[in-house]
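See structure below.
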Amino acid sequence: MSLFDKFKKKKEATLSEDAIRWNKMFELWSNGDLPSPYSELVGYYGEVSGEGHYCYFDNTAGTYDLEKTVEILAENLPEKLSENLKEAYALYVRSLSEDDEEASDRLHSEMYECDVVYDKHQGLLEVMLQEYANTL
């Protein structure tokens with residue numbers, strides 16, 4: 001056993017049961033083994049927390065059916081986050097058809113406000129995801 005293995009085991013031993021289950025949920029998600037709607041919820045949580053709605057929509061549109069993904073999220077997110085998602089998505093769709101740079105910038109700024117609302121209520125989603133993770 002190397003010195004690294006000793007530290008790794010010690011670090012793993014200090015994780016709470018909730019943290020271990022949370023990590024398992026993200027591992028399942030990264031392997032594509034997390035069922036819907038939790039797969040969509042974890043993806044949303046990770047991307048919006050890190051990069052905001054605009055990047056989340058852009059990244060998701062390149063890989064998945066964005067409209068269907070937003071529909072799944074809207075049906076499963078806590079109400080405050082669901083309404084915020086719908087608003088951010090409407091702004092995103094409008095920004096795609098906007099030719100005027102100033103108007104597009106205004107829409108992106110409004111979408112940033114949705115990021116602020118998400119940040120304020122992110123804990124609602126974390127509780128929901130932790131409850132699911134605890135079933136794993």
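The shown structure was predicted, so the numbers you read here are calculated from the model rather than taken from an experiment. Atom set for the values below is all heavy atoms of this structure, side chains included, hydrogens, waters and symmetry mates excluded.
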task = Output yes when Glu17 and Arg21 qualify as a salt bridge under the 4.0 Å nitrogen-oxygen rule, no when they do not.
result =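 Here Glu17 pairs with Arg21 in a salt bridge, since their nearest N and O are under 4.0 Å apart.
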
Smallest separation among heavy atoms of [X] and [Y], with atom names:
X      : Y     : result
Ser104 : Glu98 : N-CG, 3.6 Å
Tyr54  : Ser95 : CE1-OG, 4.0 Å
Cys55  : Glu47 : O-OE1, 4.0 Å
Ser82  : Ala74 : OG-O, 2.7 Å

Would you say [Y] ends up clustered with [X] if hydrophobic residues are merged whenever their side chains have heavy atoms under 4.5 Å apart, either directly or through other cluster members?
X     : Y      : result
Leu41 : Leu136 : yes
Val93 : Leu91  : yes
Leu28 : Met128 : yes
Ile72 : Leu85  : no

request  = Give the intermediate values and the outcome of salt bridge (Lys or Arg N to Asp or Glu O under 4.0 Å) for residues Glu83 and Lys86.
outcome  = CA-CA 5 Å; Glu83 293 304 317; Lys86 291 174 192 174; 3.4 Å; yes

Could I get the full list of salt bridge (charged side-chain N to carboxylate O under 4.0 Å, His left out) partners for [X], not counting sequence neighbours?
X      : result
Glu87  : none
Glu101 : none
Arg94  : none

Spatial distance of atom [atom1] ([X]) from atom [atom2] ([Y]) [nearest 0.5 Å]:
X      : Y      : atom1 : atom2 : result
Lys24  : Asp33  : NZ    : CG    : 10.5 Å
Asn84  : Lys80  : CG    : NZ    : 10.0 Å
Asn76  : Glu71  : CG    : CD    : 10.5 Å
Met111 : His53  : CE    : NE2   : 9.0 Å
Ser39  : Met25  : OG    : CE    : 11.0 Å
Asp100 : Leu107 : CG    : CG    : 9.5 Å

query = Is it true that the side chains of Ser36 and Glu40 contain a donor and an acceptor less than 3.5 Å apart?
reply =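 The criterion, which ignores hydrogens and geometry beyond distance, is satisfied for Glu40 and Ser36.
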
query = Cut-off 3.5 Å, side chains only: do Glu51 and Tyr56 have a donor facing an acceptor?
reply = no

Student check: side-chain heavy atoms of [X] and [Y] closer than 4.5 Å:
X      : Y      : answer
Asn23  : Leu15  : yes
His121 : Pro78  : no
Tyr92  : Leu66  : yes
Leu129 : Trp22  : yes
Tyr44  : Leu125 : yes
Leu34  : Phe26  : no

ask   = Take atom CD in Glu75; do more than 12 heavy atoms of anything else shown fall under 6.0 Å from it?
value = yes

Check against side chain to side chain contact (heavy atoms under 4.5 Å, CB included), Tyr89 and Leu73 = CA-CA 11 Å; Tyr89 183 61; Leu73 289 169; over 6 Å; no

Any donor-acceptor pair under 3.5 Å from Thr69 side chain to Asp65 backbone =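 Such a contact is found between Thr69 side chain and Asp65 backbone.
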
message = Quick check against the 3.5 Å criterion: does Thr60 have a side-chain atom that pairs as donor or acceptor with the backbone of Phe57?
response = no

request  = For residues Tyr45 and Tyr118, establish whether the separation of their ring centroids is below 6.0 Å.
outcome  = no

task = Measure up the Tyr132 and Tyr38 rings against each other and bin them: parallel (under 30°), tilted (30 to 60°), perpendicular (over 60°).
result = parallel

request  = Go through the steps to decide whether Leu81 and Val117 satisfy the test side chain to side chain contact (heavy atoms under 4.5 Å, CB included), and finish with yes or no.
outcome  = CA-CA 8 Å; Leu81 291 173; Val117 171; 5.6 Å; no

Asp18 vs Gln130, side chain to side chain contact (heavy atoms under 4.5 Å, CB included): CA-CA, chis, key distance, verdict = CA-CA 7 Å; Asp18 283 352; Gln130 187 65 59; 3.5 Å; yes

